[in-house]
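The next block holds one structure in the form of structure tokens; read it before the comments.
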4 protein chains.
Amino acid sequence: MSTPLSDGSSRAGEGILAHPCGARSARVHERVLVATAALLDEGGCAAATVDAISARSGVSKATIYKHWPSRTAIAAKAFGRMMASDTPLPDTGTTAGDLTEMVRRVSAFYASPRGRIFAELVAACVGDPAGAPYFRAYFLAGRRTAITQLWNRARERGDVDPDISVDDVIDILFGPLIFRLLTDHLELTEENATRLAETALTGLLRPNTNPS
Amino acid sequence: MSTPLSDGSSRAGEGILAHPCGARSARVHERVLVATAALLDEGGCAAATVDAISARSGVSKATIYKHWPSRTAIAAKAFGRMMASDTPLPDTGTTAGDLTEMVRRVSAFYASPRGRIFAELVAACVGDPAGAPYFRAYFLAGRRTAITQLWNRARERGDVDPDISVDDVIDILFGPLIFRLLTDHLELTEENATRLAETALTGLLRPNTNPS
Amino acid sequence: MSTPLSDGSSRAGEGILAHPCGARSARVHERVLVATAALLDEGGCAAATVDAISARSGVSKATIYKHWPSRTAIAAKAFGRMMASDTPLPDTGTTAGDLTEMVRRVSAFYASPRGRIFAELVAACVGDPAGAPYFRAYFLAGRRTAITQLWNRARERGDVDPDISVDDVIDILFGPLIFRLLTDHLELTEENATRLAETALTGLLRPNTNPS
Amino acid sequence: MSTPLSDGSSRAGEGILAHPCGARSARVHERVLVATAALLDEGGCAAATVDAISARSGVSKATIYKHWPSRTAIAAKAFGRMMASDTPLPDTGTTAGDLTEMVRRVSAFYASPRGRIFAELVAACVGDPAGAPYFRAYFLAGRRTAITQLWNRARERGDVDPDISVDDVIDILFGPLIFRLLTDHLELTEENATRLAETALTGLLRPNTNPS
DNA sequence: GTATAATCGAGACGGTACGTCAAGTCTTATG
DNA sequence: CATAAGACTTGACGTACCGTCTCGATTATAC
């Protein structure tokens, strides 16, 4: 993998996400992540208490706090690892098809039990400045690389304006889903996802009224 | 009544948001909301503890819990009231201009101190099923009516496809902002907001590659 | 009893030793003291953890900390109550006999399992400024009243210099025992106690060499 | 050497107080004691954490635990060394004067900052069976030799009953002070010390009522 | 001189208890 | 009967210090 973020032990270059390293530490680190992943799946973020993680992993609380700044950070990394391999890129032949399919998949994920965990994780990062970087590094980054590949493919095909930033693309396509996931004001059905994607791809305004 | 949401006391018809009524209750209700609003402004969601609200308002905890299901619910309503009158509609003359301006304003709001409170509120509603309806009713609904007006104006002008749901419009325009607000992965500058709005209005794909 | 210190609930006049009162509080208070006494007897001061007291009494830690400033304080009061009735005054007919007997009894107490607890309690009060007053109020005070009675009897008999403060008497008779108990440098046997008492009663110097 | 207790390095013959020896060990030993003494003076026993001693001395925790059984042991030895030379014998010309002066000096010491450390040390030895011998060996023993000399002088002068054990003398004179130091029930003023000494020297009972 | 043990530093680790906090429930007395 | 006042249970928090334990590096003697 091109991102060095999802390995289990600490390396130089991880910046603020550093922690003790060495053979023992690596083992401890691993056990914590495995235990946390299990707890997340069983009871969501609320179950991934530091006490619970400690009890389940056999790693003491004090040690855990030497590796991570907060429970959110642990959960983010554990969850990021759980999701790491779950995202094969769609390849429908057209840019519109690929992006729409991607939105549908992400919507389906958000609607799944793990989608709830994702939402809780996003929520937990608000007001946990220490955990947020972990979430971005171990979860959002992975998502981002996937979209970037799709977008680059679209650029090569000439289907899109190359001036549009991939950041904006990501946020316009998935921001609405996340908003709905969090505030639960509209259901995350496949139909809704498709419509949303198509509207975003086409634009809200009629061509002749575009601002340019 | 088009907006039954922003009045200060309980009415029949509020459904799950009901609570004791009567003269004493109304006074109690009011004092709680005022105290909560003050606490929110001073220290964010974290400061709006039920204990703190109780102490500040002089209303006992037991009474508070007879009026609201959770602290999130109180905060949502108090915050919704704070924001109620702050949103004059933009009127630039063009649909694109109006919507872009709206996005810029919301972005600026999110970037402000009260934007943080908004984020904390959204986060708090995840995993507080009791509080979420309050947030939707007392905050999101207000936002929604504003956009609906703009959108209707656009429809009348013939600038937009009338089949596009206003729900999708709202989420495509503001979902990205909220996503950025929550995960803090991109700054909420005016420039970013403008670019985001324009991209959303125009669409991600080039006209000739539209899926239809 | 003349001292208002050993009752189970809070009263005006207890000064710094105050705590919540009322029917519920009184019950809570009682349960904590009973549990603590049991723990002390079973495992000494080390066993009387706040967590353990909480678990055993069914009273939550937070509540415990509203009633007492520290575990030492609880232990002191619980131990004081355990000891409250255990001290019938000796009555041998002579002042020397009474005081010597008292020293022997206290020495025997110190040599007993509960003597260890007493030592641990004294030790715990050093460096727990919050707990120390409880120890003095609920334990030392009781001891003091007993000696005072003996000393008054001796004064009435004319056996002693009325200018000698009862404080000095107490400390000269029992200080040595406590010193030995704590540092364990000499055994607390009946023989040693008797000799110590007699030496203290007679004085260290020969009469004709007295400082006066 | 009559007192093998106050030297800085280990020797065969110290019995249970043995530890590694050799040139390196001696240096390590020394550094630990110096660091501990400094910590004691700065923050009392509470500051003389094993971690703190390790950090300050540059000696690793593992090594420390090869030399001493517990932190109390280290503190006792370090404190004993600090006090080693501080006790010139009084020489007022009379036995009563010498002993009284001695009590006054010890009382003043107890009332000083280092007196607090002494108290904490005594307290720490209760419930630390491993540390207690160190305290007796490195601190009490020194005190004891001083009093023994005074007492022998008194015996030679014929001022005292030669049957009275020096142990009893020590405890009757200083036990009261220690008791007051620990439980803080009476102040350690010069006046109190003098009165206490005089009462102890004269005896609690009037001559004609002595038990013999 | 070099083996070969002891000894050391650095500090991670499991464990136990700490004292605190806020949520939400429950009791009692007052109006 | 709704309130005020606030005690109470619950459960998690993050910290502190303990004493043990790997490691690998450093001695210092015994060969």
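Lettering follows sequence order; numbering is per chain, from 1.
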**Message:** Distance check needed: F/dC13 C1' versus A/Ile53 CD1, whole Å only.
**Reply:** 13 Å
**Request:** Taking only the side-chain nitrogens and oxygens of C/Arg31, find out if one of them lies under 4.0 Å from OP1 or OP2 of F/dC8.
**Result:** no
**Prompt:** What residues in residues 34-51 of chain B put a non-hydrogen atom under 4.0 Å from any atom of DNA chain F?
**Reply:** none
**Asked** Does the D/Arg136 side chain pair with the main chain of C/Thr183, one donor and one acceptor, at a distance under 3.5 Å?
**Response** yes
**Prompt:** According to a strict under-4.0 Å criterion, is C/Arg71 in side-chain N/O contact with OP1 or OP2 of E/dC18?
**Reply:** yes
Using a cutoff of under 3.5 Å, can you pull out all pairs of nitrogen or oxygen atoms linking the protein to nucleotides 22-24 of chain F, with atom names and distances?
none

**Message:** Nearest 0.5 angstrom please: D/Leu40 CG to D/Thr36 OG1, how far?
**Reply:** 6.5 Å
**Request:** Grab the NE2-C1' distance between D/His29 and E/dT7 for me, whole Å please.
**Result:** 15 Å
**Request:** Verify the distance criterion only: is there a donor paired with an acceptor across the side chains of D/Lys77 and D/Tyr138 at less than 3.5 Å?
**Result:** yes
**Request:** For A/Phe79, check ring-ring contact (aromatic ring centres under 6.0 Å, His included) against everything at least two apart and list the hits.
**Result:** A/Phe139
**Asked** Closest heavy-atom contact between A/Leu39 and A/Ala48?
**Response** CB-CA, 4.3 Å
**Prompt:** Just to confirm, is there a sub-4.0 Å distance from OP1 or OP2 of E/dT7 to any side-chain nitrogen or oxygen of D/His67?
**Reply:** no
**Request:** Measure the distance from NZ on D/Lys66 to P on E/dA10 and round it to the nearest whole Å.
**Result:** 14 Å
**Asked** In terms of side-chain heavy atoms of D/Tyr65, which of F/dC13, F/dG19, F/dC8 is nearest?
**Response** F/dG19
**Which residues share a side chain to side chain contact (heavy atoms under 4.5 Å, CB included) with A/Thr63, sequence neighbours left out** = A/Val28, A/Val59, A/Ser60, A/His67
**Asked** Less than 4.5 Å apart, any side-chain heavy atom of A/Leu121 and any of A/Phe135?
**Response** yes
**Prompt:** In Å, rounded to the nearest 0.5 Å, how long is the span from CD1 of B/Ile74 to CG of B/Leu33?
**Reply:** 8.0 Å
**Prompt:** When the distance from CH2 of B/Trp68 to P of E/dA22 is rounded to whole Å, what number comes out?
**Reply:** 20 Å
**Prompt:** Are any of the side-chain heavy atoms of C/Tyr134 and C/Ser70 separated by less than 4.5 Å?
**Reply:** no
**Item:** N/O donor-acceptor pair under 3.5 Å between D/Arg71 side chain and D/Cys45 backbone
**Value:** yes
**Request:** Pull out every residue in residues 54-61 of chain B that has a heavy atom closer than 4.0 Å to any atom of DNA chain F, ordered by number, or say none.
**Result:** B/Gly58, B/Val59, B/Ser60
**Asked** Separation of C/Ile64 atom CD1 from E/dT20 atom P, in whole Å?
**Response** 13 Å
**Asked** Excluding sequence neighbours, so at least two apart, what forms side chain to side chain contact (heavy atoms under 4.5 Å, CB included) with B/Ser54?
**Response** B/Lys61, B/Ile64
**Message:** Below the 4.0 Å mark, does E/dA12 have OP1 or OP2 next to a side-chain nitrogen or oxygen of A/Thr63?
**Reply:** no
